Amino acid sequence: MGPVIAVSLRTAFGLLVAMFLAFLGFFAGWFSSPPGPDLPASMLISGAGLGAAVGGLIGWFKPESSRSVKWINLILVLIGGLAGAWVGWQLGPIIYPEGLYRPGGSIYNAPPFYVSILSASVGANVLAMMFYSFRLWRFR
């Protein structure tokens with residue numbers, strides 16, 4: 001029962017931190033992009049993905065692990081965060097075709113970039129959770 005609780009708590013904490021930092025990364029990319037009518041999507045995707053990766057790394061970091069495990073964890077959260085942000089950016093207009101102009105204030109009427117931020121945080125945490133769970137199963 002202890003490993004299930006550990007994985008659940010790390011998942012919840014990692015998702016919260018990754019979501020917050022993905023929002024910060026998205027808006028950092030937004031404000032650092034060149035002015036004009038069209039924002040470069042690569043800066044927004046990269047900002048959200050890197051923010052989610054840092055949040056996922058914070059959630060799943062174990063200081064007592066070996067150096068190779070830390071590097072593998074870093075690579076996994078970077079891949080998961082950037083790939084999740086890109087997939088969410090592609091799925092956002094499909095799920096929310098009206099985009100920002102959809103009326104209402106609930107979560108179901110969110111703008112399309114929300115899908116990118118959510119999938120970046122989920123992607124960063126899923127890969128790290130699978131690696132952590134495998135190591136927990138393998139060495140216990």
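What you see below is based on every heavy atom in this structure, not just the backbone, and it leaves out hydrogens, waters and symmetry mates. In this text, all values refer to a predicted model and were calculated from it rather than measured experimentally.
Between S8 and the options V4, T11, I5, a side chain to side chain contact (heavy atoms under 4.5 Å, CB included) holds for only V4.
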Cut-off 3.5 Å, no hydrogens considered: what does the side-chain donor-acceptor table look like for residues 124-131, sequence neighbours left out?
unit_1 : atom_1 : unit_2 : atom_2 : d
N125   : OD1    : W60    : NE1    : 2.8
N125   : ND2    : G14    : O      : 3.2
N125   : ND2    : S121   : O      : 2.8

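Residues V115 and V87 are members of one and the same hydrophobic cluster, defined by side-chain heavy-atom contacts under 4.5 angstrom among Ile, Leu, Val, Met, Phe, Trp and Tyr. Residues I72 and Y132 are members of separate hydrophobic clusters, defined by side-chain heavy-atom contacts under 4.5 angstrom among Ile, Leu, Val, Met, Phe, Trp and Tyr. Hydrophobic cluster membership differs between V17 and L76, with clusters built from Ile, Leu, Val, Met, Phe, Trp and Tyr side chains linked at under 4.5 angstrom. When the side chains of ILVMFWY residues are joined at heavy-atom separations under 4.5 Å, either directly or via intervening members, F31 and V54 end up in two distinct hydrophobic clusters.
The salt bridge (Lys or Arg N to Asp or Glu O under 4.0 Å) analysis of residues 111-126, with sequence neighbours excluded, yields no pairs. Within the structure, the salt bridge (Lys or Arg N to Asp or Glu O under 4.0 Å) test picks out the following pairs touching residues 46-64 (sequence neighbours left out): K62-E64. Counting only residues at least two apart or in different chains, side-chain hydrogen bond (donor to acceptor under 3.5 Å, both in side chains) contacts with residues 70-93 are absent. Listed by first then second residue, pairs satisfying salt bridge (Lys or Arg N to Asp or Glu O under 4.0 Å) with a partner in residues 1-28 number zero, not counting sequence neighbours. Sequence neighbours left out, not one pair with a member in residues 13-23 passes side-chain hydrogen bond (donor to acceptor under 3.5 Å, both in side chains).
With sequence neighbours excluded, the residues forming a side-chain contact (heavy atoms from CB on, under 4.5 Å) with I94 are L91, listed by chain and number. For the side-chain hydrogen bond (donor to acceptor under 3.5 Å, both in side chains) test, residues two or more places apart in sequence or in another chain that qualify with S68 are S66. L24 is linked by a side-chain contact (heavy atoms from CB on, under 4.5 Å) to F20, L21, counting only residues two or more places apart in sequence or in another chain. A search for ring pair (Phe, Tyr, Trp, His ring centres under 6.0 Å) contacts involving F13 returns nothing, not counting sequence neighbours. Applying the side-chain contact (heavy atoms from CB on, under 4.5 Å) test to S42 and every residue at least two apart in sequence or in another chain returns P40.
In this pair, Y114 and F23 present their aromatic rings tilted. The plane angle is within the 30 to 60° band.
Among all heavy-atom pairs drawn from A120 and A48, the shortest one is CB-O, 4.0 Å.
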- [ ] Would you sort out whether L15 and V122 count as a side chain to side chain contact (heavy atoms under 4.5 Å, CB included), showing the intermediate values?
- [x] CA-CA 7 Å; L15 281 172; V122 168; 4.1 Å; yes
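Atom CZ of residue F113 and atom CG of residue L118 lie 12.5 Å apart, to the nearest 0.5 angstrom. Atoms CG and CG, from L82 and L50 in turn, are 5.0 Å apart once rounded to the nearest 0.5 Å. To the nearest 0.5 Å, atom CG of residue L74 and atom CD1 of residue I79 are 9.5 Å apart.
A donor-acceptor pair is defined here as one N or O able to donate and one able to accept, closer than 3.5 Å; no such pair exists between the side chain of S116 and the backbone of G88.
When hydrophobic residues (I, L, V, M, F, W, Y) are linked wherever their side-chain heavy atoms come within less than 4.5 Å, the members clustered with F134 are W137.
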